[in-house]
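See below for the structure under consideration.
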4 protein chains.
Amino acid sequence: MFICSSTPTHSPLSQEASRAGKHVFCEKPVDLDIAKIRQTLQVVQESGVKYQVGFNRRFDHNFAAVKRLLDEGTVGKVHMVRITSRDPSPPSAAYAASSGGLFTDMVVHDFDMARFMTGSEVTEVYAAASVNIDPEIGRAGDYDTAAITLKFENGAIAVIDVSRQAVYGYDQRLEVFGEKGAVSMGNDTLSTAVISSAAGVLSEKPKHFFLERYMQAFTEEKLQFFDAIRHDSIPPVGGYDGLISVVIAAAALTSVKENRPVRISEINNRYDLDEGVRG
Amino acid sequence: MFICSSTPTHSPLSQEASRAGKHVFCEKPVDLDIAKIRQTLQVVQESGVKYQVGFNRRFDHNFAAVKRLLDEGTVGKVHMVRITSRDPSPPSAAYAASSGGLFTDMVVHDFDMARFMTGSEVTEVYAAASVNIDPEIGRAGDYDTAAITLKFENGAIAVIDVSRQAVYGYDQRLEVFGEKGAVSMGNDTLSTAVISSAAGVLSEKPKHFFLERYMQAFTEEKLQFFDAIRHDSIPPVGGYDGLISVVIAAAALTSVKENRPVRISEINNRYDLDEGVRG
Amino acid sequence: MFICSSTPTHSPLSQEASRAGKHVFCEKPVDLDIAKIRQTLQVVQESGVKYQVGFNRRFDHNFAAVKRLLDEGTVGKVHMVRITSRDPSPPSAAYAASSGGLFTDMVVHDFDMARFMTGSEVTEVYAAASVNIDPEIGRAGDYDTAAITLKFENGAIAVIDVSRQAVYGYDQRLEVFGEKGAVSMGNDTLSTAVISSAAGVLSEKPKHFFLERYMQAFTEEKLQFFDAIRHDSIPPVGGYDGLISVVIAAAALTSVKENRPVRISEINNRYDLDEGVRG
Amino acid sequence: MFICSSTPTHSPLSQEASRAGKHVFCEKPVDLDIAKIRQTLQVVQESGVKYQVGFNRRFDHNFAAVKRLLDEGTVGKVHMVRITSRDPSPPSAAYAASSGGLFTDMVVHDFDMARFMTGSEVTEVYAAASVNIDPEIGRAGDYDTAAITLKFENGAIAVIDVSRQAVYGYDQRLEVFGEKGAVSMGNDTLSTAVISSAAGVLSEKPKHFFLERYMQAFTEEKLQFFDAIRHDSIPPVGGYDGLISVVIAAAALTSVKENRPVRISEINNRYDLDEGVRG
C-alpha cells in the first residue's frame with residue numbers, strides 16, 4: 001500500500017494497513033509527533049509487513065553514485081560531509097505552519113542523507129537559523145534559513161546549510177571529504193547548452209522543481225520496495241530511518257531555541273526511545 | 001505505421017503503407033540507394049500520408065536547446081558550425097559493409113544536424129577520411145575516421161569530425177558560432193559525481209550507448225509524429241530531410257574517393273533530382 | 001617596513017618600527033596573544049604610521065572577483081557564506097604547537113574572509129573540531145579538522161569547514177548566497193587540460209601550495225600598501241582586522257573546549273577590548 | 001638579439017645579426033615571402049648562431065600540458081586534432097592587407113600548433129574561407145573566417161576553424177583524439193567566479209587579449225631561448241618551423257582560391273624547397 005496522503009494521515013493509515021497485513025510504502029515524515037511514530041513503528045514491527053519510508057533522494061542517480069563511491073572506499077575514512085539544500089521558493093505560511101517547520105519538513109531529508117553517507121548515527125546537533133525570506137514564516141515561529149552541524153558516532157562531522165528560496169532553482173549539492181580525497185555531486189540541468197557572449201559564459205540553472213529533479217528517484221524507490229517484497233528482503237529505507245530523522249529535527253529545533261548543542265540521547269530520553277528501536 | 005526493421009525493407013514498406021493510406025514513421029536511412037528514396041518519396045507524396053524520418057537527435061534535449069537559442073537569435077548570423085560525433089565502438093565489419101558505409105550510416109545524422117542548425121542547404125562537401133581502428137573496415141572499402149567540411153547556401157561553414165570509436169563513450173558535441181557569440185552543448189553523464197584525489201579531479205564519462213543517450217529523444221520524436229497526425233500538420237522531419245542527407249553522404253564519399261570538393265548539384269544531377277523535390 | 005619574520009617577533013618589531021615613524025606591513029598574525037596585539041595597535045595608532053596586516057587572500061583574483069560582485073549587489077542581502085579551506089598537508093607537530101593552533105594559525109584567514117565578504121562583524125561562534133590526520137596534533141591539544149558557524153551583526157550566517165590535509169591539493173572555495181542568488185569561486189589549476197579515457201574525464205587538481213596559489217595576491221597586497229602610503233589613504237587591511245580575527249579564533253577554541261556557542265563580546269570583555277578599538 | 005619589429009624588417013635584421021655572430025630570437029613570421037625566408041635561413045645556418053622563431057603558444061601552460069600528455073602516450077596514436085582559434089576583434093583593414101592575410105598572419109600559429117601536437121609534417125591542405133565580419137577585409141582580397149583540413153604524414157587529420165572576431169574574447173581551444181581517448185584544453189579566465197541567478201549560471205569569458213592570455217608564454221619562450229644558448233642546445237622552435245608554417249599558409253590560400261586540396265610538395269617545388277631544408 002502506498003501512503004502518499006497528507007502527513008496527519010500517515011500514522012493511522014500505516015497502522016491500519018499493517019494490521020491488515022499489507023506491505024506499506026509511506027511518504028516522509030511518518031508523523032510530526034515522535035511518540036506517534038514510535039507507536040506506529042511498534043504496530044508495523046508486530047505485524048511483520050515490509051515498511052519503507054519515502055526518502056527519495058537516496059535513490060537519485062547523483063546521490064546514489066556518491067554513496068557507491070564511498071562504499072568502494074574512494075575517500076577512505078570520512079572526515080566531513082557538506083550538504084547544501086535549497087528550495088526554489090518558500091511554501092505558503094499556512095503550509096509552513098502545518099508542516100512541522102523547516103527542520104521536520106525540509107531538512108529531515110538532509111539529516112537522512114547525512115546518515116546515509118556517513119553510515120553512522122548522529123550524536124549531537126547544533127543549529128543556527130534565521131528568517132530572511134518571508135516574515136510570515138518568522139511570525140509563525142519558524143525559520144527559512146539555517147546552518148546545522150552534526151557530530152557522528154564514527155567521528156565524522158556534517159555541515160548542512162539550507163534555505164527555503166534559491167532564485168536560481170532547486171539546489172541540491174553534497175560533498176564527502178576524507179583521508180583519500182573528496183567525492184562531490186552537483187545539480188542536474190535541463191540541457192548542457194552553454195552561451196558564450198559579450199556578457200560572459202552562461203549555462204543552465206539547476207532543474208527547478210523537485211518533481212522534475214527527482215522523477216527517476218521516485219520511480220527507483222518504488223522499484224526497490226517491490227524488490228524487497230518479492231525477495232522478502234529488508235526495504236532500503238526503514239521505519240527507524242523515518243523515526244530518527246524526525247528526532248534529529250527535534251534536536252535541531254531545540255538547539256536553535258535554546259542556543260546550545262543538543263545531544264540526540266536527550267531527545268530519545270524525552271520520548272523514552274531506546275537503542276532497541278534502532279534494530 | 002512504424003518502420004524500424006532493417007534498412008533494405010524501409011523503401012518497400014514505406015511504399016506499401018503509404019498506398020494503404022497509413023501515416024509512416026520510418027527509421028533512417030530511407031534507403032541506401034538515392035534513386036529508390038526518390039521513388040519512395042514520390043509514392044508517399046501522391047498518397048498524401050504523413051511521413052516522418054527518424055533523425056532522433058533533433059529531438060534530444062541538448063540539441064533542441066541549442067536550436068531554440070539559435071531561433072531566438074542568440075548568435076545572430078551563423079558563421080561556423082562544429083560537430084564532433086564519435087561512437088563508443090565500431091560495428092562489425094559485416095554490418096559496416098551492409099550499412100552503406102561511414103557517411104551514409106553514421107555521419108548522415110550529422111549532415112542532418114548541420115542542416116537543422118544552419119537552417120540552410122549544403123552546396124558543397126569536402127571530406128578527408130582514414131582507417132585507424134579496424135583494418136577490416138578498410139579492406140571493405142570503408143573508413144572509420146573522417147573530417148568533413150560543408151559549405152551552405154547562407155554562407156555558413158560546418159566542420160564535422162567523426163570516429164567509429166571513442167574509448168570514453170558516446171561523444172556528441174556541437175558548437176554554433178556567429179556574430180554575437182557561440183552556443184555549444186556537451187555530453188550527458190550518468191551522474192554529476194566528481195572524485196578529487198591525488199590523481200586529479202575525475203568526473204563521469206559520457207553516457208556510453210545511443211539507446212541510453214537518446215532514450216528521451218526517441219520518445220519525443222514519436223510524440224511529435226502523433227502531434228503532426230492529430231493536428232494534420234507537417235511532421236518535423238520529412239522525406240526530403242531523409243533524401244538530402246543521403247545525397248550529402250554520397251557527395252562526401254565521392255569527395256574522399258576523388259580527393260576534391262564535390263557540389264551537391266553534381267549528385268542531384270546524377271540522380272536526376274531537381275529542386276522540386278525539396279518542397 | 002615589511003615584517004615577515006617568525007610570529008613572536010611581529011609585535012616587538014611592529015612597535016619599534018612604528019615608533020621610528022616607519023610604515024609597517026606585518027604578516028598575520030600580529031601576535032598569538034590578544035593583549036599584546038592590543039598593545040601593539042595602540043603604539044601603532046599613536047605613531048600615526050600606516051599599518052597593514054597580511055591577509056593576502058583578500059587580494060587574490062578569485063576572492064576579489066567575488067567581493068566585487070557582492071559590492072555591485074549581485075546577490076542582494078547576504079543570507080549565508082560557505083567557506084571550504086583545506087591545506088594540502090599538515091604542518092609538523094612542532095610547528096602546530098608553536099603556531100597558536102588550528103584556529104589562530106590557519107582558520108584566522110577564513111574568519112577574515114567571512115568578515116570581508118559579509119562586510120559585517122561576527123557576534124557569536126560555534127565550532128566542532130576533531131583529530132583525523134595526525135594523532136600528534138591531538139596530543140599537543142590541537143585539532144586538524146573543524147566546522148565553524150559564525151553569526152554576524154547583519155543577520156548573515158557563515159559556515160567554514162577546514163582540514164589540515166587534502167590529498168588533492170590546496171582547496172580554497174567560497175560561496176555567498178543571498179536573496180538574488182549566489183556567487184561562488186573555485187580553485188585555480190596549473191592548466192585547463194582534460195583527459196577523456198576509459199577511466200573517466202580527468203582534469204587537474206587545484207594548485208598544490210600556497211605560494212604557487214597566492215603568488216599574485218602576495219604581489220597585489222604589497223602594491224596596495226604602497227598605494228596607501230603614496231596617496232596617504234587607509235591601508236586595505238588594518239590593525240583591527242588583524243586583532244579581531246584572532247579574537248574570533250579564541251572564541252572558536254573556547255567553543256570547542258566548552259562545547260557551546262561563544263559570543264565575541266565575551267572574549268572582548270576578557271581582554272578589556274571595547275568598541276573603541278574597532279575605529 | 002630579439003627581433004620584434006615590424007615584419008618586413010625580420011629577414012634583413014635576422015641576416016645582419018647572424019652574420020655578426022649574434023644568436024637571434026625572431027618574432028613570427030620570418031617573412032611573408034617564402035623565398036626570402038629560405039634565403040635568411042641559409043644565412044643563419046651558415047653563421048652557426050642559435051635561431052628561434054616566436055611561436056609563443058607552444059610555451060603556454062595549457063598547450064604545453066597537452067603536449068606533455070601526448071608525449072606520455074595518453075591518447076596513443078593520434079587520429080584527429082581539432083583547433084579553434086578566434087581573435088576577439090579583427091585588425092584594421094590596413095593591417096590585414098599588410099599582414100600577409102588571414103592564413104599567414106593568424107592561422108600560421110595554428111599550423112605550427114598542429115605540427116607540434118602531431119609531431120608530424122603536413123602533406124596536404126584544404127581550406128574553406130569566407131568574409132563575415134568586415135567587408136573591407138573581403139575587398140582587400142582576404143578572409144576573416146575559415147575552416148582548414150590538414151593531412152599529416154603519420155595519418156593524422158587536423159581540423160582548424162578560425163575567426164577574426166569572437167565577441168566573448170580570445171578563444172583558443174584544442175583537442176587531440178586518438179586510440180586511447182582524447183586530451184583537450186580550454187581557455188583561461190580572469191577568475192573562477194560564478195554567478196547563479198534567475199538568469200542562469202554565469203561564468204567568466206576567456207581572457208580578452210593575447211598579451212593578457214599569453215604573458216607567461218612570452219616569458220617562457222625567452223627563458224628557453226636563453227637555455228639553448230647557455231647549454232649550446234637546439235632552440236625549441238627553429239627556422240624550419242618558421243618556414244614550413246608559412247608554406248602551409250600559402251597552400252591554404254591556394255586551396256581557397258582554386259577550391260581544391262593542395263599538396264605541400266606543390267608549394268615546396270614552386271619555391272625550390274627540398275627536404276634538405278627540414279634538417
Side-chain angles (χ1 to χ4, degrees), chain A residues 57 59-76 79-80 82 84 117 170-207 212-217 219-220, chain B residues 57 59-76 79-80 82 84 117 170-207 212-217 219-220:
Chain A
R57 291 185 199 169
F59 304 89
D60 172 67
H61 56 285
N62 292 332
F63 287 103
V66 171
K67 174 62 172 170
R68 206 158 40 237
L69 289 166
L70 295 180
D71 288 348
E72 291 167 4
T74 306
V75 310
H79 299 169
M80 184 74 61
R82 296 165 71 234
T84 289
M117 289 295 169
Y170 195 44
D171 188 5
Q172 306 284 320
R173 286 172 287 153
L174 174 142
E175 181 185 88
V176 182
F177 172 75
E179 61 181 339
K180 294 189 199 164
V183 177
S184 65
M185 50 146 278
N187 293 297
D188 280 356
T189 54
L190 287 176
S191 87
T192 61
V194 173
I195 304 169
S196 296
S197 74
V201 176
L202 187 72
S203 55
E204 293 225 17
K205 292 180 289 187
K207 288 184 177 177
E212 180 178 71
R213 171 67 181 81
Y214 287 123
M215 184 57 75
Q216 282 187 310
T219 305
E220 181 64 22
Chain B
R57 290 185 199 171
F59 303 89
D60 172 66
H61 56 283
N62 292 332
F63 288 103
V66 171
K67 175 63 172 168
R68 207 157 40 236
L69 289 166
L70 296 179
D71 288 348
E72 292 167 3
T74 306
V75 310
H79 300 168
M80 185 73 62
R82 296 165 72 234
T84 289
M117 289 295 169
Y170 195 44
D171 187 5
Q172 305 285 318
R173 284 171 288 152
L174 175 142
E175 181 185 88
V176 181
F177 172 75
E179 61 181 337
K180 294 189 199 164
V183 176
S184 63
M185 51 144 279
N187 293 297
D188 280 355
T189 54
L190 287 175
S191 86
T192 61
V194 173
I195 304 170
S196 296
S197 73
V201 176
L202 187 72
S203 53
E204 292 224 17
K205 291 181 289 187
K207 288 183 177 178
E212 179 179 71
R213 171 67 180 82
Y214 287 123
M215 185 56 76
Q216 282 186 310
T219 304
E220 182 63 22

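Sequence lines set the chain letters: A, B, ... in the order given, protein chains first and strands last, and positions in each chain run from 1. Everything numeric in this text was worked out from a predicted model, so none of it was measured.
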So which part of A:Ile195 gets closer than 4.5 Å to some heavy atom of chain B, the side chain, the backbone, both or neither?
both
Within a 6.0 Å radius of atom CD on A:Gln216, are there more than 12 heavy atoms belonging to other residues, nucleotides or ligands?
no
Counting heavy-atom pairs under 4.5 Å with chain A, which one of B:Ala198, B:Ser184, B:Gly186 comes out on top?
B:Ser184
Distance-only polar pair, side chains of B:Arg57 and B:Gln172, donor-acceptor under 3.5 Å:
yes
B:Glu220, CD: over 12 other non-hydrogen atoms inside 6.0 angstrom
yes
Any heavy-atom pair between the side chains of A:Met185 and A:Arg173 that's under 4.5 Å?
no
Highest number of heavy-atom pairs under 4.5 Å with chain B among A:Ser197, A:Ser203, A:Ser191, A:Gly181 belongs to A:Ser191
Measuring only between side-chain heavy atoms, which start at C-beta, is B:Arg213 closer than 4.5 Å to B:Asp60?
yes
Segment of A:Asn187 engaging chain B (4.5 angstrom heavy-atom cut-off)
backbone
For each of A:Val66, A:Val194, A:Val75, A:Thr74, tally heavy-atom pairs with chain B at distances under 4.5 Å, and name the one with the top tally.
A:Val194
Between A:Ala182, A:Ala64, A:Ala193, the one whose heavy-atom pairs under 4.5 Å with chain B are most numerous:
A:Ala182
